[in-house]
Each structure stands twice: as C-alpha cells, then as structure tokens.
2 protein chains.
Amino acid sequence: MDDMKMELRHLRYFVAVAHEGHITRAAEKLRMQQPPLSQQIQALEREIDAALFVRHPRGVTLTDAGRAFLADAEAILGEVEHAKLRARRTARGEVGRIAVGFTTSAPFHPLVARAMREFRDTRPDVSFVLEESSSADMVSGLRDGRLDVAFIRSGLVDPEGITVHALLQEDTAVAFPAKHKLSKRPALALKEFSEETFILYRRPDGRGLYDVIIAACSEAGFSPHVGQEAPRIVSTLNLVAAGLGITIVPASLSRLPLEGVVYRPLKGKPALKVPLNLACRRDERSAATLAFIDLVRHLR
Amino acid sequence: MDDMKMELRHLRYFVAVAHEGHITRAAEKLRMQQPPLSQQIQALEREIDAALFVRHPRGVTLTDAGRAFLADAEAILGEVEHAKLRARRTARGEVGRIAVGFTTSAPFHPLVARAMREFRDTRPDVSFVLEESSSADMVSGLRDGRLDVAFIRSGLVDPEGITVHALLQEDTAVAFPAKHKLSKRPALALKEFSEETFILYRRPDGRGLYDVIIAACSEAGFSPHVGQEAPRIVSTLNLVAAGLGITIVPASLSRLPLEGVVYRPLKGKPALKVPLNLACRRDERSAATLAFIDLVRHLR
DNA sequence: CATCTTCATATCGTCCATATATGGTCCGAC
DNA sequence: GTCGGACCATATATGGACGATATGAAGATG
C-alpha cells in the first residue's frame with residue numbers, strides 16, 4: 001500500500017519554487033530557510049518517483065513531469081480552498097438544498113410563495129426540492145430525511161420527533177357552480193348551505209378539511225348532505241364545476257380559476273377557518289433549513 | 001492572509017471518520033489512537049470554521065457542511081493520486097507531447113512515417129505537434145523550445161547546442177516533364193543532363209539541395225544551366241510539369257504523383273545522394289523526446 | 001583564479017502530532 | 001434508580017519530523 005506521506009505543504013512549496021524558479025527566493029517568499037525547502041522538494045520527488053526540477057547553477061527549471069505536476073498541484077490547492085469555502089457556506093446555510101413538502105392547497109397561499117421567493121433572494125445558492133403528498137406521507141418523509149419541512153393543513157398534534165408550527169388560520173371560501181342561484185351574492189354564511197349537496201375532500205389517511213367542515217356545519221345547526229368524496233382537492237372542484245354540488249376550500253384557492261366554478265368568501269358565524277402549519281424535525285441541524293423555518297415563522 | 005494549516009492528513013482522517021461514522025473505529029483503521037484523531041478532526045473544523053460532524057453518544061454523523069466537504073475531500077485525494085501518477089508517467093516519457101519539425105520533403109520518406117507510427121503504438125499518450133519550415137527556422141525553433149526534434153536535409157555541421165544525427169543518405173530521382181525525350185528510360189545518369197535546364201530548389205537561407213546538386217554536376221564534368229529557382233520543392237515540381245526544365249529530388253518524393261511529371265532514379269557516377277538527418281537539442285531532458293530520438297536512430 | 005550565487009548536506013533545536021491516561025456523557029440493563 | 005459500557009473530549013508526556021543554522025560543493029562571473 002502507498003505510504004501517503006504527501007501533504008499539501010509539499011504542493012505549496014512546489015508551486016512556490018516552480019513560480020520563482022529559485023529555491024532560495026521561494027524560501028524567502030515562504031518565510032522559511034532554503035535548506036528545509038530543498039529537502040521538502042526532494043521528499044516530494046522521492047514520493048512521486050520522478051524529478052520535478054532540473055537544478056542549474058542559477059536556479060531551477062521544471063522538467064516535463066514538473067510542468068504536468070504544476071498544473072495539477074495548482075488545481076488541487078484551488079480545490080482545497082474551494083472545498084473549505086463551500087463547507088463553511090453550507091454550515092452557514094448559504095448553500096444547500098431544502099426539500100419542501102406541500103399539501104395540495106398550500107402552494108396557493110401567498111405566504112408560501114413569498115417565503116420561498118424571499119429565501120431564494122437572500123440565499124440564491126440554496127435550492128428547493130418540492131414534493132406534494134399527503135400529511136401522513138410528509139411526516140414519514142420528514143422522519144426519514146426525504147423532506148426537511150412540510151406545509152400542512154392538519155392539526156397541531158406533534159408526532160414524535162416532529163414539531164408543527166402554527167402559521168395562520170385561513171378564511172375559507174365556498175365554491176359552487178357558476179349558474180347556482182346564490183352566485184350573485186358577494187359573501188355567504190355557512191348555514192345558507194344547509195340544503196346543498198357537499199362535495200368533500202378526503203385523503204386516504206382521513207386527515208384534511210373533512211372533519212373541520214363537518215364540525216362547523218353541525219355547529220351551524222345542520223348536518224351536511226355529502227354527495228360525493230374525492231381524494232384530491234382539484235377533483236372536488238371539477239365535480240363542483242360539473243354541477244354536482246358545492247364545496248368549501250381555503251380562501252387562497254380562489255386564485256385557482258376553474259371554468260364554471262365561482263368562489264365566494266364564507267362569512268358569519270360559525271367562523272370556518274382552516275390552519276396552515278409548518279412541520280419540521282424537532283432536532284433539525286441544517287442551517288439552511290433552520291433559516292427557512294425562521295423566515296416562514298417571522299413572515300407569518 | 002490565510003494560515004493554510006490544512007494538510008492532506010486532515011482530509012484522509014476526515015474521510016475515514018465520515019465513512020466509519022465512528023472516531024474510535026476510524027482510528028483503528030488508520031492505525032492510530034482515538035484522541036489524536038479527535039484532535040485532528042477538531043483542528044480541521046476550526047480551520048474550516050464549521051462543524052463537520054454531529055457527536056452522538058454512539059458515533060458521529062455528518063452535518064450538511066460535512067457532507068459537502070466529504071465529496072470535495074474525496075475528489076481532492078483522488079486528484080492527488082492522479083497528479084502523482086501523471087507526473088511519474090510524464091517523467092517516464094509515457095505521456096507528453098513532442099513537437100516535430102520537417103523540411104518539405106521529409107514526410108515522404110518511409111522512415112519518418114514509420115518512426116511516428118511505431119512510437120505512437122508503444123506510447124499512445126504522447127501526442128505529436130507537427131510543423132513544416134526551413135532548416136534555419138527549425139534550428140531556432142529547437143533552441144527556443146518551439147520544436148523538440150526536426151527532420152532536416154542539410155549537413156551535419158552542428159549549430160551550438162544542437163545535435164544533428166545522420167540517419168541515412170537517400171538516393172535521388174530526376175523529375176522531368178512527361179513528354180520529355182528521356183522519359184522512356186528506366187534510369188539515368190547525371191551527365192546525361194548536361195544540356196538540360198535545371199529548376200532548382202533554394203530556400204531563402206540558402207541551404208538545401210542546391211549546393212549538393214551543383215557540386216555533383218561539376219564533378220560530372222559540366223556546369224548546370226539553371227533556368228529558375230523556387231523556394232519550395234513543390235513549386236519546382238510544378239515548374240517541371242509546365243515543361244520549364246528538370247529537377248532532382250530525394251527518391252522518396254517519387255511517391256508524390258504530379259500530373260505531367262515523371263520520376264526516374266538517378267544512377268551511375270557520381271552518386272548524387274541527399275542526407276536525411278535528425279536535429280535535436282544537445283541537452284534534451286524530455287524522456288518522451290529522448291525515446292523518440294532513440295527510436296528514430298535505431299530504425300535507421 | 002577568486003568570488004559570488006545557488007543548491008545540497010549535516011547537525012541541532014523545537015514544535016506538533018501522536019500515545020497514554022483520565023474525565024465526561026449518554027444510553028441501556030438490571 | 002444505579003451501574004456499567006460505549007464513545008468522544010481533555011490533559012499530559014513523548015518522539016519524530018520540520019525547520020533553522022552552519023557548512024560544503026559546483027558552476028557562473030569578472
């Protein structure tokens with residue numbers, strides 16, 4: 001096996017001598033004496049097993065091997081500095097990647113877009129990896145490292161090792177077919193829909209808006225007539241567009257224009273609001289991720 | 001300015017610890033004790049000014065910065081080995097480049113082509129740089145390093161610092177217009193051309209075949225009638241094709257088919273031969289170049 | 001030929017990496 | 001809870017290597 005005695009010191013010395021063409025002068029620049037420099041160069045040549053310099057009575061010149069090695073040595077020294085800087089910047093959270101998970105409706109909220117935009121502005125070398133999936137999926141994603149943070153709609157019951165930061169309670173809107181009789185009204189209260197058919201969004205894992213809506217309706221004094229359930233929020237809206245019923249979505253989803261669907265703010269009592277939360281690992285270490293979490297919470 | 005205390009040792013230690021996930025176990029693999037390894041890792045972290053590992057009660061894991069640095073560190077260690085090997089191979093003449101100069105007529109001689117082919121076969125990583133110019137140009141090219149070796153036709157008077165190796169004396173051929181009255185004869189003697197007009201090749205620097213031909217003619221008992229001089233051998237042949245006279249060229253140039261030109265061997269006394277020589281630096285150091293010179297001389 | 005320049009060799013000192021010994025902390029077992 | 005084991009950090013000692021000083025050798029310069 002190779003002894004691996006070579007050190008960066010040898011490369012630095014070699015480069016200095018190669019540039020000066022003089023061992024003595026290079027020694028001055030290196031703030032050392034000439035004999036040890038000679039010795040280190042010799043040691044390097046022994047390790048490489050090739051002469052790097054031709055010794056002249058006036059200075060030294062590179063051999064072919066020396067010229068080849070000089071190019072490599074300078075590149076290596078540059079890479080070392082580069083690596084040092086990159087590691088430092090990574091530690092400071094200036095470079096890296098953050099894997100962000102979303103529930104379907106999260107990306108439409110301005111807070112989310114604004115957070116990502118502002119973060120990218122201040123730390124352009126941090127890249128985002130985006131993923132959309134269910135809340136349960138995202139929790140396991142956080143645990144096994146597939147995700148670093150996740151925007152979720154479900155409650156604050158912190159799963160083991162996960163912290164859920166409450167960001168805000170968002171107003172909701174009613175989505176109903178454009179030709180619906182109530183479509184002229186600027187805002188509506190929940191109880192006005194006691195006779196309507198509800199299209200509800202329900203994830204396979206059962207979390208999401210479902211429970212919140214049912215609870216609010218019962219508080220409003222009626223039990224909603226559920227016509228259909230769909231596993232994706234966009235599916236529910238398509239069903240609404242088809243005239244099969246109405247649904248309730250986070251207000252920010254009003255920004256999603258859909259042919260034949262009209263959104264109207266939901267007002268009055270009981271207030272039906274849905275949370276937007278940010279989930280992350282309790283023991284998060286990544287400076288970039290921590291900075292992102294911090295930004296989102298302060299933007300709230 | 002940076003203190004530059006980092007050494008390859010730190011990188012090797014770091015990589016070992018990163019792979020093992022244990023300082024103690026890595027120390028075993030490195031055939032050293034655990035405390036010094038801990039210290040060196042700490043020193044590295046101080047220099048980078050970032051934590052590379054998270055210390056757990058059971059081993060250590062990489063931080064983001066550590067992961068980034070690991071990739072770089074491994075690349076750097078690889079490059080170091082690569083540089084070492086490349087320098088060594090360059091010293092052995094297995095890689096590199098040789099700048100070869102030619103007089104116009106040299107590339108046509110089989111020795112030249114054969115030498116380059118055989119050399120490339122045994123040392124495929126040595127590349128050739130080719131250049132055609134005058135003898136004087138090539139001598140200066142050798143001196144200032146633009147060329148490493150040169151195939152020349154001129155004599156053996158070694159210019160200062162240059163060694164000229166005699167390779168061979170090549171037979172000559174007469175080139176004359178196809179419709180010339182002597183074109184049916186298989187071989188010809190010099191004295192048969194005493195009444196002909198000679199097109200002679202003369203370089204600006206005055207070297208080349210010129211003197212050799214004049215001398216041979218005078219030995220054959222006549223003074224040639226020189227109709228025209230041209231600076232390039234191909235020009236003389238074009239003038240021959242145009243019927244302006246005859247010329248004498250190295251026999252290997254017979255391989256250069258030219259419309260309207262017929263080559264015939266020049267035989268009899270006085271024997272008119274032209275040399276093919278190889279010029280190189282007397283103090284040549286490059287292993288690749290020395291090997292090429294050696295090959296050419298032994299191929300002779 | 002004397003001198004200067006420059007690189008190589010010799011010898012010595014000193015600092016730093018390593019070894020040994022010990023302490024601290026976390027975890028799991030009982 | 002307490003104990004013991006595993007692992008990393010700290011403290012101190014030591015040895016070897018890097019570097020400094022002194023000298024030698026070889027070629028250039030005048």
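The figures that follow rest on heavy atoms only: side chains count, while hydrogens, waters and symmetry mates do not. Every chain is numbered from 1 and lettered A, B, ... according to where its sequence line falls, protein lines coming before strand lines.
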- Message: For B/Glu74 and B/His19, which I'm curious about, is there any donor-acceptor pair between the side chains at under 3.5 Å?
- Response: yes
- Task: Could you pull out all residues at least two apart from A/Arg146 that satisfy side chain to side chain donor-acceptor pair (under 3.5 Å)?
- Result: A/Glu131
- Yes or no on side-chain contact (heavy atoms from CB on, under 4.5 Å) for A/Leu276 and A/Val112, after CA distance, side-chain angles and deciding distance? CA-CA 10 Å; A/Leu276 181 65; A/Val112 175; 4.1 Å; yes
- Is there any salt bridge (charged side-chain N to carboxylate O under 4.0 Å, His left out) pair reaching into residues 49-71 of chain B, and which pairs are they, with sequence neighbours excluded? A/Arg92-B/Asp49, B/Glu45-B/Arg55, B/Asp64-B/Arg67
- B/Phe53 near the nucleic acid: base, sugar-phosphate alone, or nothing, with a heavy-atom cut-off under 4.0 Å? nothing
- Query: Can you tell me how far CZ of B/Arg281 sits from CD1 of B/Ile162, rounded to the nearest 0.5 angstrom?
  - Reply: 7.5 Å
- Query: Do A/Gln34 and A/Ser38 meet the criterion of a side-chain donor-acceptor pair at a distance under 3.5 Å?
  - Reply: yes
- Item | Separation of A/Met116 CE from A/Leu111 CG (nearest 0.5 Å) | 11.5 Å
- Message: I'd like to know whether A/Thr103 forms a side-chain hydrogen bond (donor to acceptor under 3.5 Å, both in side chains) with A/Glu132, so could you lay out the CA-CA distance, the side-chain angles of the two residues, the decisive distance to 0.1 Å, and finally the verdict.
- Response: CA-CA 6 Å; A/Thr103 62; A/Glu132 194 219 302; over 6 Å; no
- Strictly below 4.0 Å, heavy-atom distances to any atom of DNA chain C: list the hits from residues 55-69 of chain B, or just say none. B/Pro57
- Message: Which residues pass the side-chain contact (heavy atoms from CB on, under 4.5 Å) test with A/Leu290, not counting sequence neighbours?
- Response: A/Glu284
- Message: Without decimals, in angstroms, what is the distance between A/Arg9 CZ and C/dC15 P?
- Response: 17 Å
- Shoot me the first and last contacting nucleotide of DNA chain D against chain A, ordered 5' to 3', at under 4.0 angstrom to non-hydrogen atoms. D/dC18 to D/dT29
- Item | DNA chain C-proximal residues of residues 23-42 of chain A, any heavy atom under 4.0 Å | A/Ile23, A/Thr24, A/Gln34, A/Pro35, A/Ser38, A/Gln42
- Task: Kindly compute the distance separating CD1 (A/Ile48) from CZ (A/Phe14), expressed to the nearest 0.5 Å.
- Result: 7.0 Å
- Rounded to the nearest Å, what distance is computed from the NE2 atom of residue A/His22 to the P atom of nucleotide C/dC7? 6 Å
